[in-house]
Amino acid sequence: MTALSTSEMNILLATAGDYEGVLAISEGIYAGIDYLPFRYHAWLKDPQRRMFVAKLEEKVVAFDSFLVVDGGVAAVLQGLRVAPWMRGRGVAGIIQKFTLDTLRLDHPDVTKIRLTRAEDPPPTMLNKYSFLHSKAVIPVYLSAHELEEALKVLESRIPSTCQEFPPPVFLDYSEVHRLFSGPLQEGDLLPRRLLIQAWLPITTCKANLDLMQRWRVRWLCSYPCDAMHRISGSSEVPYVIASSDITNDGSASKDDNISVSGTGPSSAAVKGFLSLTSPMFPVPLGDGKHRLDIDLFGTDLSCAKIHILLLLKEAVKALPTGGSIVCILYAEESLRDGLTGFLDRLIPFTLCREQLVLEMDIKPVKTPPSTQCHN
Ligand SMILES: CC(C)(COP(=O)(O)OP(=O)(O)OC[C@H]1O[C@@H](n2cnc3c(N)ncnc32)[C@H](O)[C@@H]1OP(=O)(O)O)[C@@H](O)C(=O)NCCC(=O)NCCS
C-alpha cells in the first residue's frame, strides 16, 4: 500500500457536520464500546479541546483531538482513529503531526503531552514518548437479567470485618479540593501523581478538578482510620457501615448498619483508597448496553472490592430498565489477580489488558502547520 503525503489530504477543524463521517470510520472500534459517538458534540463545545478531521476527496478518513489540561501547561491527545480502509499508509502519523503542530502554535505554554494506549504500542511511539505508568484493565459484562444475581455474588465475596478503613464516602467537590492537602498523600495513591480518569491522565491541579466537576466525575474515598481521627479530631470512627445502604447522594450515616472489611493490616492499607467514575453512557454495541469506567487508586484489595460493589450498585440504580453494563476496571497491576478472582463468574468482556500512560516534552513552534486547516 502506498503511503499518503500531507498534501493529498485536507486537515480541518472538526464540526458538528462531520459527526456522521467520524462515526463511519469508527465502526467496531474498541469492541463496540467507543466513547466518541457519545462524547463528540460535548467535546466540540469544550473550549479547552480542539478536534481535527483529515479528509480525502471530501470524506473523513481520520480523527484526532487534544485537550489542554493541568492549567494550560500540558495537553492530552485523545480519540485518534483512521478509517479501516486507509490504515497502514501513514495517515495516523500525518494527522497526529498536524494536531501537535497546532497545539504548539496555539498553546505555547504547553510543554508536555500525554496519552494513554492499550498494551503493545508501535515501537515508533515508544521512541518518541516516555513510559510513565501501566495499570491493569479488567473489563466485565453484566447483562440485564444477571445484574441482580451478579451483585449478590460480589457481595458474598466481600469480607465481613474491617480493621483499617471506615466505609467509603462520596466526596463533594469542596472535599475533593482539600483531599490531597489533608487526609491523603497524593504520592501514596497516585502513580506519578497523576489521576487517570477514563483514559485521561491529568494532575490534581485545581483547573483539572474543576473540569472533572463539570463532567460530573464522582470521587469515592476510603480514608484510613488514623486519617479519620485527624479529620474528626475524635477517636470514634464509624467502622461498620453497610455499603448497600449508602444514600443516593453517596453519603453514609453513622447509623447505617452494614459491615465492610479488610484482610488484615498492611502497610498499603493505611494509605487510603480512591475511585473515580463518570456517568455511564450508551455505546455503539446498542441493545441498552452502557459503559461504566471505574478508575481505582490504591493497593488495598478489600477496599477495591468494596468500592467496585458500591459503584456497581449505584450504576444499576441509574441504569434504564432493561439496560446492561460493560464495566471496565482500571487498577494497579498488583490487584489484578485478586480482582479477577473477585469477578470470577461474571462474563469477561474482551477489550485490552493494560492501560499505558505515555508522555513527551514539546517545544512551541512559530510557523503554522504546513497543510490546510479551515475553520
Ligand atoms: C492505530 C491507528 C490510528 C493507526 O493508524 P494508521 O494510519 O494505520 O497508522 P500508520 O501505521 O499508517 O501510521 C504510522 C504512524 O502512526 C503512529 N501510530 C500507530 N499506531 C498508533 C497508536 N495506537 N497511537 C498513536 N500513534 C500511533 C505510528 O507511531 C506512526 O507515527 P510516525 O509516522 O510519526 O512514525 C489505526 O490502526 C486505528 O484507527 N485503530 C483503531 C483505533 C485505535 O486503536 N486508535 C489508537 C488508540 S486511541
Side-chain angles (χ1 to χ4, degrees), residues 1-11 14 18 21-40 43 49-56 59-67 69 75-104 112-132 134-135 137 139 196-202 283-285 291 293 328 330 349-363 365 369-371:
M1 257 190 278
T2 41
L4 280 166
S5 69
T6 309
S7 59
E8 287 173 87
M9 275 184 299
N10 246 349
I11 302 184
D18 293 319
V22 172
L23 243 52
I25 65 163
S26 304
E27 215 163 291
I29 281 187
Y30 307 135
I33 57 162
D34 185 16
Y35 51 84
L36 192 56
F38 184 76
R39 302 243 182 271
Y40 188 90
W43 276 18
R49 188 181 290 276
R50 293 292 272 297
M51 293 155 61
F52 304 93
V53 285
K55 289 188 176 176
L56 192 66
K59 278 186 82 171
V60 174
V61 293
F63 173 91
D64 201 6
S65 83
F66 68 74
L67 177 73
V69 296
V76 179
L77 304 184
Q78 259 188 321
L80 172 69
R81 62 207 51 211
V82 169
W85 58 94
M86 294 293 291
R87 289 183 190 160
R89 300 177 65 184
V91 176
I94 293 171
I95 192 164
Q96 281 189 107
K97 182 174 181 318
F98 188 89
T99 304
L100 264 186
D101 286 350
T102 308
L103 172 70
R104 290 155 75 196
K112 279 184 193 312
I113 54 165
R114 274 178 227 121
L115 47 77
T116 39
R117 285 291 175 265
E119 61 268 18
D120 302 329
T124 51
M125 276 192 80
L126 293 176
N127 295 338
K128 289 185 241 168
Y129 289 87
S130 34
F131 167 84
L132 293 188
S134 149
K135 284 178 92 167
V137 179
I196 311 166
Q197 194 269 317
W199 294 88
L200 191 78
I202 53 179
V283 290
L285 270 180
R291 170 170 167 175
D293 290 66
I328 314 167
Y330 309 88
F349 184 87
T350 306
L351 184 65
C352 60
R353 260 184 72 81
E354 281 177 72
Q355 178 187 59
L356 312 184
V357 182
L358 307 174
E359 188 178 80
M360 176 167 74
D361 291 331
I362 58 165
K363 292 195 175 78
V365 282
S370 54
T371 188

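Each ligand, and each atom within it, is numbered from 1 in the order the structure gives.
Of the N or O atoms in Gly90, one or more lie within a sub-3.5 Å distance of an N or O in ligand 1. Residue Met86 has no N or O atom closer than 3.5 Å to an N or O atom of ligand 1. Residue contacts with ligand 1: Gly88 is placed with a nitrogen or oxygen under 3.5 Å of a nitrogen or oxygen of the ligand (distance criterion only).
No heavy atom of Gln78 sits closer than 4.0 Å to any atom of ligand 1.
If you number the atoms of ligand 1 from 1 as listed, the ones under 4.0 Å from a heavy atom of Val91 come out as 7 (O), 12 (O). Of all atoms in ligand 1, listed by their number and element, those nearer than 4.0 Å to a heavy atom of Lys128 are 31 (O), 32 (P), 34 (O), 35 (O). Heavy-atom proximity to Gln96, at under 4.0 Å, picks out these atoms of ligand 1: 16 (O), 17 (C), 25 (C), 26 (N), 27 (C).
Side-chain atoms of Gln96 and Leu100, non-hydrogen and from C-beta on, never get closer than 4.5 Å to each other. Side-chain contact between Leu36 and Arg81: present, with at least one pair of heavy atoms (C-beta onward) separated by less than 4.5 Å. Side-chain contact between Met125 and Leu115: present, with at least one pair of heavy atoms (C-beta onward) separated by less than 4.5 Å.
Side chain of Arg114 to backbone of Val357: no donor-acceptor contact under 3.5 angstrom is found. Checked by atom type and distance alone, the side chain of Thr116 pairs as donor or acceptor with a backbone atom of Trp199 at under 3.5 Å.
Nearest to atom 9 (O) of ligand 1 by heavy atom, out of Ala92, Gly79, Ser26, is Ala92. Remark: among candidates Arg89, Arg87, Arg81, Met125, the nearest residue to atom 41 (C) of ligand 1 is Arg87, based on non-hydrogen atoms.
In this structure, Tyr35 and Trp43 have tilted ring planes: the angle between them lies in the 30° to 60° band.
For atom 45 (N) of ligand 1, the closest heavy atom belonging to the protein is Leu80 O, 3.0 Å. Among protein heavy atoms, atom 22 (C) of ligand 1 sits closest to Arg117 NE, 3.4 Å. Protein heavy atom nearest atom 39 (O) of ligand 1, with residue, atom name and distance: Val82 N, 2.8 Å. Gly93 N, 3.5 Å is the protein heavy atom nearest to atom 15 (C) of ligand 1. Looking from atom 48 (S) of ligand 1 to the surrounding protein, the closest heavy atom is Tyr30 OH, 2.7 Å. For atom 29 (O) of ligand 1, the closest non-hydrogen atom of the protein is Thr124 OG1, 2.7 Å.
Counting protein heavy atoms under 4.0 angstrom from atom 1 (C) of ligand 1 gives zero.
With a 4.0 Å cut-off on non-hydrogen atoms, Pro122 touches ligand 1 through its side chain and not its backbone. Contacts between Lys97 and ligand 1, counted as non-hydrogen atom pairs separated by less than 4.0 Å, are absent for every part of the residue.
To the nearest 0.5 Å, the span separating CD1 on Ile11 from CZ on Phe63 amounts to 13.0 Å. Here the CG-CD distance, from Leu56 to Glu8, works out to 7.5 Å after rounding to the nearest 0.5 Å.
Pairs of residues two or more places apart, or lying in two chains, never qualify as salt bridge (Lys or Arg N to Asp or Glu O under 4.0 Å) while including a residue from residues 116-130.
By the salt bridge (charged side-chain N to carboxylate O under 4.0 Å, His left out) test, Lys112 pairs with Glu359, Asp361, sequence neighbours left out.
Among the candidates Arg89, Met86, Arg87, the single residue satisfying the side-chain contact (heavy atoms from CB on, under 4.5 Å) test with Val61 is Met86.
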